[in-house]
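All chains are named by letter (A, B, ...) in the order of the sequence lines, taking the proteins before the strands, and each is independently numbered beginning at 1.
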Amino acid sequence: MPELPEVETTARGVHERLRGDRIVDVWFSRHPQPFKVPVARQAKGLQGCAILAVHRAGKHIVCELAPAAGRPLDTVCGNRLVESVGEPSAQWIVHLGMTGRLLVTTSEAPVAPHTHARLAMASGRELRFVDPRRFGRLEYRDLRRCPGFRAPGVDPLSVTAEEFARLFRGRKLAIKAALLNQKLLSGVGNIYADESLFHAGIRPRRPAGRLTREELDRLRKALVKVLKHAIRLGGSSVSDYVDADGERGFFQLEHCVYLRTGLPCRRCQTPVRRILVAGRGTHYCPRCQR
DNA sequence: CATTTCACCTGGTGGC
DNA sequence: TGCCACCAGGTGAAAT
């Protein structure tokens, strides 16, 4: 589910609800995979921490943490600690994989199947990680021992035209595959790769290094426009994506090609075609995209 | 190195 | 209704 707009929406939702709150209890499911760091160590680090801020880095959600054990909880401003907790000393990093959800609930809310982490907060809220396919990843980082998390590639919303063009120079792989490579751009996935290529009028199989500067400029602008529009609409809910409040997004209603195989192109009525590129279902309009 | 393929998982859908 | 093939927002390891 989660590409840049969905991750951004989720991170904002968690930030708004849990900033300044304190983790009072930690629970992890006993599943072997989805944890990069042993759950016992994660639980120990998370316990008692205040959440200073939550933000997006590529497709990752980063929670900035500081130990707040023993600190009296300030209930003046809506169960939140006052701001001055200091610099973050740890991070909890969440990657949603394909089907991951990060939800803010109350601690009494019924626990959904495939819930793998529950962080009970001082406010009575609970942060839950739910992930049926278990492709998601949870990581705890002690900032006294290792550097803060950085997405591997550049952010598509802030990349300059120069930088963007340089990413693809000399590359033979399909532009669609290049867009999906997180070491180049961090945050673009299958939906927004297909949609931005449609809006830029570029065929997904074109070798990345052969695109003209004009095409690359068009592609970058289309990408920014599509991503920003999708963020405004709360992301795309194709089957099961929901934000931190459990609400669906609306950008799926604006998809022009993604998952529209055989349906008429919204611009020229030609049936949308589906091919495989880099092993991923890829949708395009054979008339509008060259 | 750059690039491609595949395994990792569960669940939904549509054909027979 | 059941069974089966195929598809799905992602990524990294292995193969080429």
With sequence neighbours left out, which residue pairs that include part of residues 176-206 of chain A fulfil the ring-ring contact (aromatic ring centres under 6.0 Å, His included) condition? Y192(A)-F251(A)
In whole angstrom, give the distance that lies between atom CG of L96(A) and atom C1' of dC9(B). 16 Å
5' precedence on DNA chain C between L180(A) and R133(A) (nearest-nucleotide basis): R133(A)
If the test is side chain to side chain contact (heavy atoms under 4.5 Å, CB included), which one of Q42(A), H116(A), R118(A) qualifies with F28(A)? Q42(A)
Short side-chain N/O contact to dC9(B) OP1/OP2 from H114(A), under 4.0 Å: no
What is the separation between atom CZ on R280(A) and atom P on dC7(C), rounded to the nearest whole Å? 13 Å
Nearest-Å distance for atom pair CD/C1', residues E139(A) and dT11(C): 14 Å
Which stems does DNA chain C form, counting runs of 3 or more consecutive Watson-Crick or G-U wobble pairs with both distances under 3.5 Å? B:2-8 with C:10-16, B:10-16 with C:2-8
Under 5.5 Å centre to centre and under 30° between planes: does that hold for F135(A) and the six-membered base ring of dC8(B)? yes
Any side-chain N or O of R274(A) below 4.0 angstrom from OP1/OP2 of dA8(C)? yes
Within residues 166-175 of chain A: residues closer than 4.0 Å to DNA chain B (heavy atoms): R171(A), K172(A), L173(A)
When you compare the side chain of Y284(A) with that of V277(A), does any pair of heavy atoms fall below 4.5 Å? no
Check every atom of dT10(B), dC8(B), dA8(C) against the side chain of L259(A) and return the nucleotide holding the closest atom. dA8(C)
Taking the side chain as every heavy atom from C-beta outward, state whether V94(A) and T10(A) have any pair of such atoms under 4.5 Å apart. no
note: H95(A), atom NE2; dT11(C), atom P; distance rounded to Å ~ 4 Å
In whole Å, I'd like the distance from the NE2 atom of H116(A) to the C1' atom of dC9(B). 10 Å
Connected-component partners of V111(A) among ILVMFWY, side-chain separation under 4.5 Å: none
Distance-minimising heavy-atom pair for I51(A) and M121(A): CD1-CE, 3.7 Å
For the pair made of NZ in K183(A) and P in dA2(B), what is the distance, rounded to whole Å? 10 Å
Out of curiosity, N181(A) CG to K176(A) NZ, how far, rounded to the nearest 0.5 Å? 13.5 Å
When rounded to whole Å, the OH to C1' distance for the pair Y258(A) and dG10(C) reads 11 Å
Any luck finding a side-chain donor-acceptor pair between E64(A) and H55(A) under 3.5 Å? yes
Indicate, with a heavy-atom threshold strictly under 4.0 Å, whether T261(A) touches base, sugar-phosphate, or nothing. nothing
Of the candidates dT11(C), dT10(B), dA8(C), the side chain of P132(A) sits closest to dT10(B)
Please report, rounded to the nearest Å, how far the P atom of dG10(C) is from the NE2 atom of H60(A). 12 Å
Please check the phosphate of dG10(C) (OP1 and OP2 only) for any side-chain N or O of Q182(A) closer than 4.0 Å. no
Please list all pairs passing the salt bridge (Lys or Arg N to Asp or Glu O under 4.0 Å) test where one or both residues lie in residues 270-290 of chain A, with sequence neighbours left out. none
At 4.0 Å (heavy atoms only), tell me whether G279(A) reaches a base, stays on the sugar-phosphate, or touches nothing. nothing
How is F251(A) classified with respect to the nucleic acid when contacts are heavy atoms under 4.0 Å: base, sugar-phosphate, or nothing? nothing
F164(A): what forms a ring-ring contact (aromatic ring centres under 6.0 Å, His included) with it, not counting sequence neighbours? F168(A)
